[in-house]
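Residue numbers count from 1 along this sequence.
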Amino acid sequence: MPNASIVHPRDVMKALILANCACCVVGHNHPSNDTTPSPEDIDVTERLVEAGKILGIDVLDHLILASDKFLSLKEKGYM
């Protein structure tokens, strides 16, 4: 996978804790304009949801953004 960025739930949750958040919507872009979630997208979503449950921060959705469309992982049943 030539273009990838690994997200660690601890980094996301740290920012949310410091901002006193009770919930969040996460998102990232796919410059390829293909909003199909990768296995890594699904894995990190599951990890964020689980970390949020432990910390009391509800992850409401994970959006994949492209130049003219988006995909909701919640809407597609991934969370």
Which heavy atom of T35 sits nearest to which heavy atom of H30, and what is that distance?
CA-ND1, 4.0 Å
I57 and C21: which non-hydrogen atoms are nearest, and at how many Å?
CG1-O, 3.6 Å
Calculate, to the nearest 0.5 Å, the distance between atoms CG and NE2 belonging to L65 and H28 respectively.
8.0 Å
Looking at K14, I'd like to know if its NZ atom is crowded, meaning that more than 12 non-hydrogen atoms belonging to other residues, nucleotides or ligands lie closer than 6.0 Å.
no
Between M13 and V59, which heavy-atom pair has the shortest distance, and what is it?
CE-CG2, 4.1 Å
Can you list, pair by pair, the side-chain donor-acceptor contacts under 3.5 Å of residues 42-51, counting residues two or more places apart and other chains?
residue, atom, partner, partner atom, Å
T45, OG1, D41, O, 2.7
T45, OG1, H62, ND1, 2.6

Do L55 and V7 belong together in a cluster built from hydrophobic side chains that touch within less than 4.5 Å?
yes
Indicate yes or no: at least one non-hydrogen side-chain atom of V12 is less than 4.5 angstrom from one of L16.
yes
Heavy-atom closest pair (L60 atom, C23 atom, distance to 0.1 Å) is CD1-SG, 3.8 Å
Main-chain N/O of V25 paired to D61 side chain as donor or acceptor, under 3.5 Å
no
Do V26 and L63 share a hydrophobic cluster (ILVMFWY, side-chain heavy atoms under 4.5 Å, transitive)?
no
